[in-house]
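Computation of the quantities below employed the complete heavy-atom set of this structure, encompassing side-chain atoms and omitting hydrogens, waters and symmetry-equivalent molecules. In this text, all values refer to a predicted model and were calculated from it rather than measured experimentally. Numbers for residues simply follow the sequence, beginning at 1.
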Amino acid sequence: MADSQTPGSPLNRGALADPDFLAATGIAKMVVVDSTGSTNADLLRAVAVEPKEWPDLSVLTAEYQTAARGRLDRSWEAPPLSSVSVSIVLRPMNAEGRPLPTHTYSWLSLLAALALRETLLETAGIPAELKWPNDVLVRGRKIAGILAQMGPLGDGSVPAVVLGTGLNVTLTAAELPVPTATSVALEQPLTDDRTQLLKSYLAHFARLYRSFCNADGDPTAGLAGGPSLHKRVESVMVTLGRQVRAQLPGDHEIIGHATRLDEYGSLLVVDQDAREHVVTAGDVVHLRPWTPPGQDTEGGYA
């Protein structure tokens, strides 16, 4: 490992608050706390009580979270100083100050996952992929999760989104929440310095986010001097082309072939009767390949 952080090392608050870094990324506010229940919950309260104090690209990061929440209200807890736990206030608008349509917000967690993948690849030297809807995997194991939550409406300002990211950094194998997880330190990284990883993630995210906003939230528009968000996400999403089981709200499930993402970032799944289903929320489990009735392996989904 070329650059390893001593386990238990705190974030470098001076580096995170560096004016040049904040100016380059457009981060409006940077708050670092030692401990909290959940950075997402804190910011959801803050944007409701003091919306003007938390403008677009305000950041809250914690050394330790005691009540972190994921999708479907799942909770987890990692050892202090072992993860990147960060939430960002987003008030999406284009360069002219025109708010983005709220239906574009569904892409924000995918944009964040893409930014984190770029960070892991460029900063840590780790090959990462996306699993729909909002997980980042390394060699098939979950290294990070992302959760976007809508803030309150009705104060006349641009509706806020609080985007939370949890990245396993220095956790040992014994400290992982589940056997199918991993951490940066376990993947022979170039670095597992949390400050360096956090700064890189925020820089990658801010660049992609600003480009997405200036395209009015159009996922098919060219992004940050390259392919569209839609194309970038699809190209690194291991869920596509797989046989999956989508567990939907209300105890429903669909088993089929995950084919593509639609214009809202929803997952399209074709079942064995060739019916296409739009999956907008829920858990997705990757299954073994299968061959539909009447198709051989060469021409089927295997």
Side-chain angles (χ1 to χ4, degrees), residues 1-5 9 11-12 15-16 21 24-27 57 59 61 78 82-88 107-148 163-173 176 180-212 219 222-242 258 261 265 284 286:
M1 187 182 300
D3 182 9
S4 178
Q5 181 182 42
S9 298
L11 291 167
N12 183 333
L16 291 172
F21 169 68
T25 54
I27 292 173
L57 287 175
V59 175
T61 185
S82 69
S83 305
V84 166
S85 303
V86 61
S87 295
I88 312 171
W107 282 98
L108 293 172
S109 58
L110 292 167
L111 188 150
L114 191 67
L116 188 56
R117 177 191 176 272
E118 291 182 359
T119 291
L120 291 170
L121 189 62
E122 295 180 13
T123 304
I126 297 173
E129 298 168 313
L130 309 190
K131 175 178 179 286
W132 193 90
N134 56 1
D135 290 344
V136 181
L137 308 182
V138 173
R139 292 180 255 271
R141 296 179 177 273
K142 181 174 176 177
I143 199 168
I146 293 163
L147 179 66
L163 183 76
T165 301
L167 171 67
N168 300 331
V169 182
T170 61
L171 283 81
T172 65
L176 294 173
T180 53
T182 189
S183 71
V184 174
L186 292 172
E187 299 294 337
Q188 293 78 52
L190 298 176
T191 181
D192 61 9
D193 183 279
R194 291 187 305 127
T195 303
Q196 191 175 342
L197 290 166
L198 177 55
K199 287 184 66 177
S200 176
Y201 169 58
L202 292 172
H204 278 102
F205 176 81
R207 179 176 59 90
L208 292 173
Y209 171 68
R210 185 53 54 212
S211 184
F212 179 67
L223 194 66
S228 69
L229 178 59
H230 195 284
K231 286 183 178 178
R232 292 187 197 205
V233 170
E234 283 199 333
S235 70
V236 296
M237 179 161 286
V238 291
T239 307
L240 300 181
R242 296 287 296 267
L261 302 180
V284 167
H286 293 171

Under the rule for side-chain contact (heavy atoms from CB on, under 4.5 Å), what residues qualify as partners of [X], not counting sequence neighbours?
X      : value
Thr25  : Phe21, Ile27, Ala203, Ala206
Ser235 : none
Ala124 : Ile126, Val184, Pro189, Leu197
Val236 : Leu114, Arg117, Leu130

Would you please name every residue forming a salt bridge (charged side-chain N to carboxylate O under 4.0 Å, His left out) with Glu187, sequence neighbours left out?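 So Glu187 forms a salt bridge (charged side-chain N to carboxylate O under 4.0 Å, His left out) with Arg139.
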Salt bridge (charged side-chain N to carboxylate O under 4.0 Å, His left out) partners of Lys199, counting only residues at least two apart: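 With neighbours one apart ignored, the set is empty.
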So, using side-chain hydrogen bond (donor to acceptor under 3.5 Å, both in side chains) as the criterion, who are the partners of [X] when residues are at least two apart?
X      : value
Glu234 : none
Thr61  : none
Thr123 : Ser200
Arg232 : none

Tell me, do [X] and [Y] make a side-chain contact under 4.5 Å, heavy atoms counted?
X      : Y      : value
Glu118 : Leu208 : yes
Ile88  : Leu202 : yes
Ile146 : Leu163 : yes

Closest non-hydrogen atom pair between [X] and [Y], with its separation:
X      : Y      : value
Leu116 : Ala144 : CD2-CB, 3.3 Å
Gly164 : Ser87  : CA-OG, 3.6 Å
Ala15  : Thr195 : CB-CG2, 4.1 Å
Val138 : Ala128 : CG2-CB, 4.1 Å
Ala224 : Ser211 : N-OG, 2.7 Å
Trp132 : Gly265 : NE1-O, 2.9 Å

Check whether [X] reaches the backbone of [Y] with its side chain - one donor and one acceptor, N or O, closer than 3.5 Å.
X      : Y      : answer
Asp193 : Gln196 : yes
Ser109 : Asn134 : no
Lys142 : Lys131 : no

I need the full list of salt bridge (Lys or Arg N to Asp or Glu O under 4.0 Å) pairs touching residues 222-231, with sequence neighbours left out, sorted by first then second residue.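 Qualifying pairs: none.
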What residues, two or more places apart in sequence or in another chain, satisfy ring pair (Phe, Tyr, Trp, His ring centres under 6.0 Å) together with Phe205?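 Testing Phe205 for ring pair (Phe, Tyr, Trp, His ring centres under 6.0 Å), a comparison that skips the adjacent residues, returns Tyr209.
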Separation of [Y] [atom2] from [X] [atom1] (nearest 0.5 Å):
X      : Y      : atom1 : atom2 : result
Leu171 : Leu186 : CG    : CG    : 8.0 Å
Asp192 : Ser82  : CG    : OG    : 11.0 Å
Asp135 : Arg141 : CG    : CZ    : 14.5 Å
Thr182 : Leu137 : OG1   : CG    : 10.5 Å
Ser83  : Ile143 : OG    : CD1   : 10.0 Å

Which of these, Leu110, Leu223, Leu261, sits in a side chain to side chain contact (heavy atoms under 4.5 Å, CB included) with His230?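 Of the listed options, the one satisfying the test is Leu261.
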Applying side-chain contact (heavy atoms from CB on, under 4.5 Å), run through Leu167 and Leu120 and close with a yes or a no. CA-CA 10 Å; Leu167 171 67; Leu120 291 170; 4.2 Å; yes
